[in-house]
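In what follows, a single structure is set out as structure tokens and then discussed.
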Amino acid sequence: MKNSVSEFKEKVFAVVKKIPRGSVLTYKEVARRAGKPRASRAVGAVLRTNFNSEIPCHRVIRSDGTLGGYNRGASEKIRRLKSEGYKIV
DNA sequence: CATTTGACGCCAA
DNA sequence: TTTGGCGCCAAAT
């Protein structure tokens, strides 16, 4: 059974959960791994509705190198990325 | 079921 | 280089 819930959502979660510490992926990259290379917006839509702490959604940033948004406080996202060695352009 | 919204991405001016 | 506009997709209303 693959479509109990939106498969795209599940894939996004799986991909984001697999991001190793110290690395970050762009929305486009995540969307690409989820099977829809053009669904960068949908990735954000899904992550936004997701409040699961198991999902390191702070490791997902925009292709421009900017952070984008965060549902738990932008400062928290910045802080975590800095903690992983990432610096904002 | 249809419309709107939005944590995006890329191109043109 | 910066700003504006268009396209794509899923979730929310």
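Below, chains carry the letters A, B, ... as their sequence lines are ordered, and counting in each starts from 1.
- Searching all strands for a Watson-Crick or G-U wobble partner of C:dG5 with both distances below 3.5 Å returns B:dC10.
- Distance CD (A:Glu7) to C1' (C:dA11): 15 Å, rounded to an integer number of Å.
- Scanning both residues, A:Ala39 and A:Phe8, for their nearest heavy atoms gives CB-CZ, 3.7 Å.
- Pair assignment for C:dA12: B:dT3, on the basis of Watson-Crick or G-U wobble contacts that are both within less than 3.5 Å.
- Atoms NZ and CG, from A:Lys77 and A:Asn71 in turn, are 9.0 Å apart once rounded to the nearest 0.5 Å.
- Rounded to the nearest 0.5 angstrom, A:Ser63 OG and A:Leu25 CG are separated by 10.5 Å.
- Residue A:Tyr27 is classed as a base contact, given a heavy-atom separation below 4.0 Å to a base.
- Side-chain N/O atoms of A:Ser53 and A:Arg72 include a donor and acceptor closer than 3.5 Å.
- Within the nucleic acid shown, A:Arg62 comes within 4.0 Å of sugar-phosphate atoms alone, with no base atom in reach, counting heavy atoms only.
- Chain A approaches DNA chain B within less than 4.0 angstrom (heavy atoms of the protein), and the contacting nucleotides run 5' to 3' from B:dG6 to B:dC10.
- Following rounding to the nearest Å, A:Phe13 (CZ) and C:dA10 (C1') show an atom-to-atom distance of 12 Å.
- A:Asp64 places no side-chain N or O within donor-acceptor distance of the main-chain N or O of A:Thr66, the cut-off being under 3.5 Å.
- Remark: the backbone N or O of A:Glu29 is paired with a side-chain donor or acceptor of A:Thr26 at under 3.5 angstrom.
- The stretch residues 30-41 of chain A touches DNA chain B through A:Ser40, A:Arg41, each having a heavy atom within less than 4.0 Å of the strand.
- Separation of atoms OH (A:Tyr86) and CG (A:Leu67) is listed at 6.5 Å; rounding is to 0.5 Å.
- A salt bridge links A:Glu76 with A:Arg80; the closest basic N to acidic carboxylate O contact falls under 4.0 Å.
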